[in-house]
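Everything numeric here is computed off the predicted structure, so don't read it as measured data.
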Amino acid sequence: MEVVEFGWRPEAAYLESLGAKVSLRRAGDGSVFRTDQGNLILDADFGPIDDPATLAGRLLARAAVAEVGLFCGLTSDLIIATPAGVEHRRSHDKEQR
């Protein structure tokens with residue numbers, strides 16, 4: 001999640017209150033990673049997310065949040081690579097899973 005610098009601590013606490021394991025992204029040299037806009041990135045591990053669209057909406061409603069990494073409704077095809085192989089999912093296949 002991309003956040004403005006002044007609000008990263010409250011946003012990290014909010015993510016943790018939702019059950020995420022949160023870390024401030026660091027560059028290879030250990031310094032704080034900054035986006036091209038000068039913002040910070042909070043990496044949040046939620047594990048499996050049951051309703052990503054609702055979570056994205058809740059996060060984007062927060063004042064210090066610039067963007068989230070949940071890209072809901074942007075594609076109809078998904079290619080997933082796993083140790084077991086490659087899986088191709090299409091949005092119209094949803095009923096078949």
Side-chain angles (χ1 to χ4, degrees):
M1 180 168 75
E2 182 177 353
V3 295
V4 294
E5 185 173 4
F6 74 83
W8 81 266
R9 284 185 179 88
E11 295 311 328
Y14 179 69
L15 290 169
E16 289 171 347
S17 79
L18 297 176
K21 294 178 185 171
V22 182
S23 60
L24 181 62
R25 187 173 295 177
R26 302 266 174 193
D29 64 1
S31 64
V32 174
F33 178 86
R34 292 189 181 275
T35 68
D36 56 351
Q37 299 297 313
N39 295 324
L40 308 179
I41 300 289
L42 293 176
D43 291 313
D45 182 355
F46 282 96
I49 300 171
D50 292 330
D51 188 353
T54 297
L55 178 59
R58 287 177 73 181
L59 298 176
L60 287 168
R62 307 276 301 175
V65 175
E67 190 55 74
V68 298
L70 298 170
F71 306 106
C72 304
L74 296 178
T75 186
S76 60
D77 287 79
L78 179 65
I79 298 173
I80 305 167
T82 70
V86 177
E87 180 181 346
H88 183 192
R89 294 186 189 174
R90 294 178 181 89
S91 61
H92 64 274
D93 293 340
K94 188 175 184 180
E95 305 82 41
Q96 299 172 5
R97 281 187 259 134

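Here the shortest heavy-atom pairing between A56 and C72 reads CB-SG, 4.5 Å. The shortest non-hydrogen separation linking A44 to A20 is CB-CB, 4.0 Å.
Atom CG of D50 is surrounded by 12 or fewer heavy atoms from other residues, nucleotides or ligands within 6.0 Å.
In this view, E5 and R34 satisfy the side-chain hydrogen bond (donor to acceptor under 3.5 Å, both in side chains) rule, not counting sequence neighbours. Legend: residues meeting side-chain hydrogen bond (donor to acceptor under 3.5 Å, both in side chains) with D45, ordered by chain and number and at least two apart, are absent. Applying the salt bridge (charged side-chain N to carboxylate O under 4.0 Å, His left out) test to E2 and every residue at least two apart in sequence or in another chain returns nothing. R58 meets the salt bridge (charged side-chain N to carboxylate O under 4.0 Å, His left out) test with no other residue; sequence neighbours excluded. Residues that satisfy the salt bridge (charged side-chain N to carboxylate O under 4.0 Å, His left out) test with D51, not counting sequence neighbours, are absent from this structure. Looking at residues two or more places apart in sequence or on another chain, you find a side-chain hydrogen bond (donor to acceptor under 3.5 Å, both in side chains) between D29 and S31. With sequence neighbours left out, the side chain to side chain contact (heavy atoms under 4.5 Å, CB included) criterion links A63 to no other residue.
Cluster partners of I49, using a side-chain heavy-atom cutoff of under 4.5 Å among ILVMFWY residues and allowing indirect links, are M1, V3, W8, Y14, L15, L18, V22, L24, V32, L40, L42, F46, L55, L59, L60, V65, V68, L70. The hydrophobic cluster containing I79, built from Ile/Leu/Val/Met/Phe/Trp/Tyr side-chain heavy atoms closer than 4.5 Å, also comprises V86. Other residues sharing the hydrophobic cluster of F6, ordered by chain and number and joined by side-chain separations under 4.5 Å: V4.
The distance from the CZ atom of R89 to the CG atom of L78 is 6.5 Å, given to the nearest 0.5 Å.
Residue pairs meeting the salt bridge (Lys or Arg N to Asp or Glu O under 4.0 Å) criterion with at least one member in residues 17-27, sequence neighbours excluded: R25-D43. Contacts classified as side-chain hydrogen bond (donor to acceptor under 3.5 Å, both in side chains) and involving residues 61-74 (residues at least two apart or in different chains) are given here: E11-R62.
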